[in-house]
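In what follows, a single structure is set out as structure tokens and then discussed.
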Amino acid sequence: RHADFYSGVAAKRALAWIVDTIFVTLIVALISLLTAFTALFILPLVWLSVGFLYRWVTLSGNSATWGMRLMSIQFLDRYGHRFDAATAFVHTLGYTLSMAFVLPQLLSVALMLISRRGQGLTDMVIGSVAINRTA
């Protein structure tokens, strides 16, 4: 109901996604180095696993990924509570599935841009919302 909670959230989510992608890339690179580059033979699986775990763990801990924390936004569930591990898992699964296909991802981005609360497809399905974090 309060527009200030959602002001600029779509742009912040885009910037947070870029930061999170950089973090995942660095973790995958480190894993590749630690495995003497044998991880490169299964790079898509490593990338998918690291990205999923990164997102699930960070959302479970503080209801925001490191990129989202940097941009001062966080997720809340349909009841206004921070994500628990189960909600973070479901949100991460929805995000991962939408990223796997072009049309759901385009729809999700479009919804973030046109919806009043900047909700993506997964957010609308599970009732979550990204808001500006209070200081």
Side-chain angles (χ1 to χ4, degrees):
R1 294 186 176 145
H2 302 286
D4 291 343
F5 285 130
Y6 311 106
S7 177
V9 168
K12 288 181 178 182
R13 284 181 81 169
L15 292 172
W17 182 83
I18 292 168
V19 170
D20 291 331
T21 301
I22 291 169
F23 280 131
V24 170
T25 302
L26 292 173
I27 295 168
V28 169
L30 180 63
I31 289 171
S32 296
L33 282 172
L34 293 175
T35 62
F37 298 103
T38 57
L40 295 178
F41 290 110
I42 55 168
L43 186 60
L45 180 61
V46 172
W47 194 284
L48 180 69
S49 300
V50 168
F52 192 94
L53 287 172
Y54 166 83
R55 188 167 183 83
W56 181 27
V57 168
T58 56
L59 286 177
S60 295
N62 200 16
S63 207
T65 63
W66 291 341
M68 293 173 73
R69 291 174 198 173
L70 186 65
M71 298 299 144
S72 295
I73 56 176
Q74 68 181 6
F75 277 119
L76 298 178
D77 66 12
R78 69 176 61 246
Y79 304 107
H81 301 115
R82 291 180 175 200
F83 281 7
D84 57 8
T87 307
F89 180 85
V90 171
H91 193 279
T92 301
L93 182 61
Y95 166 80
T96 303
L97 289 174
S98 71
M99 288 296 285
F101 302 97
V102 174
L103 290 179
Q105 186 55 28
L106 291 176
L107 177 60
S108 189
V109 171
L111 287 170
M112 282 184 224
L113 294 173
I114 64 172
S115 67
R116 244 184 32 201
R117 297 181 183 148
Q119 293 172 291
L121 183 60
T122 301
D123 299 322
M124 289 194 171
V125 170
I126 69 170
S128 62
V129 65
I131 64 166
N132 289 308
R133 191 173 62 207
T134 57

Without swapping roles, check the side chain of [X] against the backbone of [Y] for a donor-acceptor pair under 3.5 Å.
X: S72; Y: R133; result: no
X: S63; Y: L59; result: no
X: D77; Y: Y79; result: yes
X: Q74; Y: A130; result: no
X: R116; Y: Y6; result: no
X: T21; Y: W17; result: yes

### Query
Does a salt bridge link R69 with D20, judged by any charged N lying under 4.0 Å from a carboxylate O?
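Salt bridge: no.
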Of all heavy-atom pairs between [X] and [Y], which one has the smallest distance, and what is that distance?
X: T65; Y: Y54; result: CB-OH, 4.0 Å
X: Q119; Y: S128; result: NE2-O, 2.7 Å
X: S60; Y: A88; result: OG-CB, 3.4 Å
X: R78; Y: V125; result: NH2-O, 3.9 Å

Heavy-atom side-chain proximity of [X] to [Y] below 4.5 angstrom:
X: L15; Y: V19; value: no
X: S108; Y: M124; value: no
X: R13; Y: D123; value: yes
X: H91; Y: F75; value: yes
X: N62; Y: T58; value: no

### Task
Walk me through it: do I73 and I131 pass the test side chain to side chain contact (heavy atoms under 4.5 Å, CB included)?
CA-CA 5 Å; I73 56 176; I131 64 166; over 6 Å; no
Going hydrophobic residue to hydrophobic residue with side-chain gaps under 4.5 angstrom, can you get from [X] over to [Y]?
X: L97; Y: W56; value: yes
X: F52; Y: V50; value: no
X: V24; Y: F37; value: yes
X: L93; Y: V90; value: no

#### Entry: Fellow cluster residues of V102, listed by chain then number, with links counted only when side-chain atoms sit under 4.5 Å apart
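Members other than V102 - counting any ILVMFWY side chain reachable under 4.5 Å - are L106.
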Gap separating the [atom1] atom of [X] from the [atom2] atom of [Y], nearest 0.5 angstrom:
X: I18; Y: L70; atom1: CD1; atom2: CG; value: 11.5 Å
X: W47; Y: S32; atom1: CH2; atom2: OG; value: 9.5 Å
X: T87; Y: L76; atom1: OG1; atom2: CG; value: 11.0 Å
X: L53; Y: L48; atom1: CG; atom2: CG; value: 9.0 Å
X: T38; Y: L43; atom1: OG1; atom2: CG; value: 11.5 Å
X: L33; Y: L40; atom1: CG; atom2: CG; value: 9.0 Å

### Query
Taking only residues two or more places apart in sequence, or in another chain, which ones meet Y95 in a ring pair (Phe, Tyr, Trp, His ring centres under 6.0 Å)?
none
### Message
If the condition is ring pair (Phe, Tyr, Trp, His ring centres under 6.0 Å), which residues does F23 pass it with, not counting sequence neighbours?
### Response
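With sequence neighbours excluded, F23 shows a ring pair (Phe, Tyr, Trp, His ring centres under 6.0 Å) to W66, given in chain and number order.
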### Query
Less than 6.0 Å separating the ring centroids of F83 and F89?
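Between F83 and F89, the centre distance exceeds or equals 6.0 Å.
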### Query
Please walk me through it: do L103 and L107 pass side chain to side chain contact (heavy atoms under 4.5 Å, CB included)?
CA-CA 6 Å; L103 290 179; L107 177 60; over 6 Å; no
